[in-house]
Amino acid sequence: MPASDRSLELVTAAAAAASDKLATDVIALDVSDQLFITDAFLLASAPNERQVRAIAEAVEEKLLPLGSKPVRREGEREGRWILLDFVDVVVHVQHVEEREYYALERLWKDCPLLELGEPATSDQQA
């Protein structure tokens with residue numbers, strides 16, 4: 001069964017928040033056929049710990065008005081890989097080095113990508 005409409009709404013909003021904070025390589029995977037505990041993973045990268053934290057905070061702030069807050073949060077102290085579990089969606093914000101090393105895209109390569117739309121560029125925002 002594909003990701004629910006609610007999961008798609010949350011993952012799209014989370015991706016927008018991550019992109020607004022200049023996250024790189026933002027992708028979403030539909031893991032609903034592989035896992036029964038969540039529908040989607042959002043993966044986003046940042047070049048330093050400060051930006052990893054800023055992206056995670058922005059995602060939380062964006063999803064709160066949608067009635068969703070994380071039930072679990074991990075990795076905040078180190079700031080190299082922050083996991084936010086919103087039940088329907090799990091957000092992984094990783095330092096670029098962790099993203100390359102753990103290669104979650106490769107681990108979940110059998111899962112389809114979810115369409116996130118085009119992120120706004122500075123030209124579009126002006």
Side-chain angles (χ1 to χ4, degrees):
M1 185 164 101
S4 69
D5 289 341
R6 174 69 174 161
S7 297
L8 295 174
E9 175 188 24
L10 294 176
V11 80
T12 301
S19 293
D20 286 348
K21 289 295 180 181
L22 306 179
T24 57
D25 297 324
V26 179
I27 65 165
L29 301 168
D30 182 342
V31 297
S32 60
D33 285 340
Q34 303 293 324
L35 296 173
F36 67 92
I37 57 173
T38 193
D39 283 349
F41 282 171
L42 181 75
L43 309 177
S45 301
N48 58 62
E49 291 85 355
R50 185 174 180 187
Q51 192 172 0
V52 167
R53 286 186 189 97
I55 293 166
E57 288 171 10
V59 168
E60 284 189 74
E61 289 172 11
K62 183 84 166 192
L63 270 53
L64 194 58
L66 297 175
S68 190
K69 62 182 184 176
V71 296
R72 192 177 76 192
R73 194 182 289 118
E74 293 183 16
E76 283 181 295
R77 184 180 304 169
E78 298 82 15
R80 304 234 355 135
W81 179 350
I82 297 177
L83 180 143
L84 302 170
D85 183 351
F86 292 94
V87 181
D88 296 326
V89 173
V90 176
V91 177
H92 300 268
V93 184
Q94 297 174 295
H95 190 286
V96 172
E97 293 169 357
E98 268 67 12
R99 178 87 177 257
E100 290 173 8
Y101 181 79
Y102 290 101
L104 294 179
E105 299 95 321
R106 199 169 52 236
L107 289 173
W108 297 97
K109 68 182 175 198
D110 295 335
C111 297
L113 290 174
L114 293 170
E115 183 65 39
L116 295 173
E118 293 298 317
T121 64
S122 55
D123 292 341
Q124 293 171 326
Q125 293 173 356

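Only a predicted model underlies this, so the values are computations on that prediction, with no experimental measurement involved. One is the number of the first residue; the rest follow in order along the sequence.
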Using side-chain contact (heavy atoms from CB on, under 4.5 Å) as the criterion, point out the one residue from V91, L35, L114 that pairs with F41.
L35

Qualifying residue for side-chain contact (heavy atoms from CB on, under 4.5 Å) with L29, from V90, L113, L107, L42:
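Testing each of V90, L113, L107, L42 against L29, the sole residue satisfying side-chain contact (heavy atoms from CB on, under 4.5 Å) is L113.
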
Which atom pair, heavy atoms only, marks the closest approach of [X] to [Y]?
{"X": "V11", "Y": "A40", "answer": "CG2-CB, 4.4 Å"}
{"X": "A23", "Y": "A44", "answer": "CB-CB, 3.9 Å"}
{"X": "L63", "Y": "A14", "answer": "CD1-N, 3.6 Å"}
{"X": "H95", "Y": "P47", "answer": "NE2-O, 3.0 Å"}
{"X": "A18", "Y": "V59", "answer": "N-CG2, 4.2 Å"}
{"X": "A58", "Y": "K21", "answer": "CB-CG, 3.5 Å"}

Of K69, R73, R53, which is the lone residue that meets salt bridge (Lys or Arg N to Asp or Glu O under 4.0 Å) with E60?
R73

Does T12 reach the main-chain N or O of L116 with its side chain, forming a donor-acceptor pair under 3.5 Å?
no

Is there a donor-acceptor pair closer than 3.5 Å between any side-chain N or O of D30 and the backbone N or O of P2?
no

Partner set under salt bridge (Lys or Arg N to Asp or Glu O under 4.0 Å) for [X], not counting sequence neighbours:
{"X": "E105", "result": "R99"}
{"X": "R80", "result": "E49, E97, E98"}
{"X": "R72", "result": "E74"}

List the steps and the verdict of side-chain contact (heavy atoms from CB on, under 4.5 Å) for R6 and L66.
CA-CA 10 Å; R6 174 69 174 161; L66 297 175; 4.2 Å; yes

Rounded to the nearest 0.5 Å, what's the gap from CD1 on I82 to CD1 on I55? Could you check?
9.0 Å

To the nearest 0.5 Å, how far apart are CG in D25 and CD in E100?
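Between atom CG of D25 and atom CD of E100 there are 9.0 Å.
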
Are [X] and [Y] connected in the hydrophobic side-chain network, where two residues link if heavy atoms are under 4.5 Å apart?
{"X": "I37", "Y": "W108", "result": "yes"}
{"X": "L43", "Y": "Y101", "result": "yes"}
{"X": "L104", "Y": "I27", "result": "yes"}

Do V31 and D39 touch side chain to side chain, with heavy atoms closer than 4.5 Å?
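Result no, sub-4.5 Å side-chain heavy-atom pair not found.
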
Side-chain contact test, heavy atoms from C-beta onward, threshold under 4.5 Å: evaluate it for E9 versus V89 and give yes or no.
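When only atoms from C-beta onward are counted, V89 and E9 do not touch, as no gap falls below 4.5 Å.
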
Taking the inter-plane angle between the rings of Y102 and W81 on a 0 to 90° scale, is it parallel (under 30°), tilted (30 to 60°) or perpendicular (over 60°)?
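Rings of Y102 and W81: tilted, as their planes differ by 30° to 60°.
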
